[in-house]
Each structure stands twice: as structure tokens, then as C-alpha cells.
Amino acid sequence: MSRNKFPPKPKYDPDAGPVYLYGLHTVRAALDNPGRIKKALLATPNALNRLKETGDIGKVPISETTPKELDRLLGGEAVHQGVALEVDPVSRFGLKDIADLKLVVVLDQLTDPHNVGAILRTACAFGADAVITTARHSPRETGVMAKAASGALDLVPMIEVRNLADTLENLKQRGMLVLGFDSEAEAPIRPRTDAVPLAVVMGAEGKGLRQRTRELCDEMVRLDMPGPIKSLNVSNAAAIALFAATAGRTA
């Protein structure tokens, strides 16, 4: 029986292999982040020129490539725009690293990297000081997450915690109002006109907030939606929640 002497290369596994960021906005943000370790830049000539137009490339080694080669490396669904950057995962912060917390987003065991990335992007747009995730049942940093975040992964500190209950208690001790969101909550969200710092807590896809997380929230609220569908994808809900909770504030 004959054997293939040249078996196909194993497909790149973003959950186990090196971390590749891709897309012009995402790679630009990573290049501009002094805390990010950059290992290799793979780019088509056109993409490299576009990157150079927006800022310095730095000392990262550059390898010229083609769109087809990037498709093979990242998978055909990756919208890479002709560029990929091999990096070490972004440095994770601790609560003690951020002195003045005004607005944070807390994610209770969200597992979908698309959702986490989209929420990072929204948190950045609303000026959040940090996004808090759990060490267990949270996605590894991948190009999928970074692409959905559109650069926010290198702009908003991510804090990974082992015990979310202790973290919520810590936030309250630091003067934050912990606001939990659930489609079945009795009270609708209302705009906050005060200056009390807010921790907006979003539950996992499907199962929502865990019981202990609910118990530790100062308030449980829902998004008041008049249509027949009363729940949204968590990343969409997070965007509306942040707008609704902060729209009445002047600073």
C-alpha cells in the first residue's frame, strides 16, 4: 500500500498555535502598542505600503507574502487585507494596575471570541477603563477576537480574574455601582445622571449571568425593548447597555 510522502500541512489552529493578528486596523494598533511583543510581519507589498502610510513599522522582521499564502495560513474566512502579524498575547492587567476606574465592562464567562472582540470595540468607543474577563470559560486571544475588536485589544486593558465574585466585591469597595443585565430583570435600565463609577456586567451567551454574580450586583436591570424579541446577542446588548447607562452623563 503506497503512502503519501508529502502529507498536507496541518491546518493552523488559532486556539493552539501562534497568535496571528490580521487586518490593517488591528495590525496598526498592535504595531503602535509599545507593550506588545511583535515577532514577524507578513504582508503583501500593497498592504505594507498602506501600513507605512499610517505610521512606523518599527524593528519587526518583515516577510513579503501573497493573499493566497495568507489564506492558507489563516484560513479562507479571515479578512486579512494582505497583512498578518505574529505576536505574543497582549499583557493582561490586574485591578491594582488601574488607579482610577470610572467605567468597566465585566464579562461573566463569555466564550465566543467574536462577541468578546466586539464588546472590546464597544467598550473602547465608550471610553471604558477596562474589560474584565474570567480566567476559566473565556476565549484565548486569537486573530478572530482581535479582528472583531478592530484594534481595541491594544487600546483597552483586559483584566483576567480567577474569582469573579471577589472581583465584584473589590469593585464595590472602590466605589463602583455594579449593574447586572438580564432580559428577565424586573426593572428597566435608566440613564444615570450622577457621576458614580459604573461596572456593567454582561452574562454568557445563552445562560446569562450566574446566580452568584446576580447576587453580588447592586442592581439587576433589563433593556426595555417594545418588539416581540426581548433578548439580543450579548455584544449588541452590551453596546445598548453602555449607551443607556451613560447617555445622561455630562462627563
Side-chain angles (χ1 to χ4, degrees), residues 92-110 115-138 149 152-153 155-226 230-251:
R92 297 299 174 102
F93 291 74
L95 276 178
K96 294 180 181 179
D97 296 321
I98 305 175
D100 189 22
L101 293 173
K102 297 295 186 184
L103 177 65
V104 300
V105 180
V106 182
L107 307 181
D108 187 8
Q109 296 192 344
L110 266 71
N115 285 333
V116 175
I119 290 171
L120 272 165
R121 182 176 184 174
T122 298
C124 183
F126 278 90
D129 301 300
V131 172
I132 297 174
T133 65
T134 53
R136 294 184 62 207
H137 305 292
S138 292
L153 193 59
L155 297 172
V156 179
M158 284 190 71
I159 298 172
E160 189 175 86
V161 300
R162 294 189 177 277
N163 190 314
L164 187 60
D166 288 348
T167 299
L168 294 178
E169 293 281 20
N170 183 290
L171 293 176
K172 290 197 276 190
Q173 290 169 7
R174 292 180 64 170
M176 303 200 83
L177 177 72
V178 178
L179 203 59
F181 280 80
D182 188 282
S183 60
E184 302 298 325
E186 293 185 7
I189 180 65
R190 58 179 177 81
R192 303 275 168 172
T193 56
D194 54 55
V196 176
L198 280 177
V200 174
V201 188
M202 307 300 299
E205 304 91 343
K207 62 183 180 181
L209 296 179
R210 289 174 291 169
Q211 183 60 35
R212 182 57 178 155
T213 304
R214 293 168 185 266
E215 293 170 356
L216 288 170
C217 290
D218 294 309
E219 296 180 27
M220 288 296 301
V221 295
R222 70 176 190 275
L223 299 176
D224 202 12
M225 294 176 288
K230 299 300 181 183
S231 64
L232 295 172
N233 172 279
V234 65
S235 63
N236 293 330
I240 298 172
L242 283 169
F243 175 78
T246 62
R249 298 189 165 192
T250 57

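The structure presented is a predicted model; accordingly, all values stated were derived computationally and were not measured.
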Applying side chain to side chain contact (heavy atoms under 4.5 Å, CB included), can you list everything that pairs with N236, at least two apart in sequence or on another chain?
L232, N233
Side chains of V200 and V104: closer than 4.5 Å at any heavy-atom pair?
no
Sub-3.5 Å donor-acceptor pair from the side chain of R190 to the main-chain atoms of A245, do we have one?
no
Could you walk me through whether L120 and L155 pass the side chain to side chain contact (heavy atoms under 4.5 Å, CB included) test, one step at a time?
CA-CA 9 Å; L120 272 165; L155 297 172; over 6 Å; no
Who pairs with T167 by side-chain hydrogen bond (donor to acceptor under 3.5 Å, both in side chains), at least two apart in sequence or on another chain?
none
R121 CZ to S235 OG distance, which is reported to the nearest 0.5 Å
11.0 Å
Whether K172 side chain and L216 backbone form a donor-acceptor pair below 3.5 Å:
yes
Gap between atom CE of M220 and atom CD1 of I189 - 0.5 Å precision:
11.0 Å
Atom CZ in R174, atom CG in L101: separation rounded to 0.5 Å?
4.0 Å
Run the side chain to side chain contact (heavy atoms under 4.5 Å, CB included) test against E160 and tell me which residues pass, sequence neighbours left out.
R92, T133, A135
For P197 against G175, the heavy-atom pair lying closest together
CD-O, 3.5 Å
Excluding sequence neighbours, so at least two apart, what forms side-chain hydrogen bond (donor to acceptor under 3.5 Å, both in side chains) with D166?
N163
Drop me the distance from L171's CG to L198's CG, to the nearest 0.5 angstrom.
11.0 Å
Are the side chains of P188 and L223 in touch, meaning some heavy atoms are under 4.5 Å apart?
no
Could you list the residues that satisfy side-chain hydrogen bond (donor to acceptor under 3.5 Å, both in side chains) with E169, not counting sequence neighbours?
none
L177 backbone acceptor or donor facing D218 side chain under 3.5 Å:
no
OG1 of T134 to CD of Q109: how many Å apart, nearest 0.5 Å?
5.0 Å
What are the two closest non-hydrogen atoms of G203 and V234, and how far apart are they?
O-CG2, 3.5 Å
How far apart are the closest heavy atoms of V156 and A128, and which atoms are they?
CG1-O, 4.3 Å
Any pair counted as salt bridge (Lys or Arg N to Asp or Glu O under 4.0 Å), so long as it reaches residues 206-216, sequence neighbours left out
D108-R210, D182-R214, R212-E215
Just how far is it from atom OG of S138 to atom CD1 of I132, taken to the nearest 0.5 Å?
11.5 Å
The side chain to side chain contact (heavy atoms under 4.5 Å, CB included) partners of V201 (sequence neighbours excluded) come to V106, L168, V178, L209, T213, C217
Using salt bridge (Lys or Arg N to Asp or Glu O under 4.0 Å) as the criterion, list what pairs up with R222, not counting sequence neighbours.
D224
Can you see which heavy atom on A123 is nearest to which on V131, and at what distance?
CB-CG2, 3.7 Å
Set of residues satisfying side chain to side chain contact (heavy atoms under 4.5 Å, CB included) with respect to D97, sequence neighbours excluded
F93
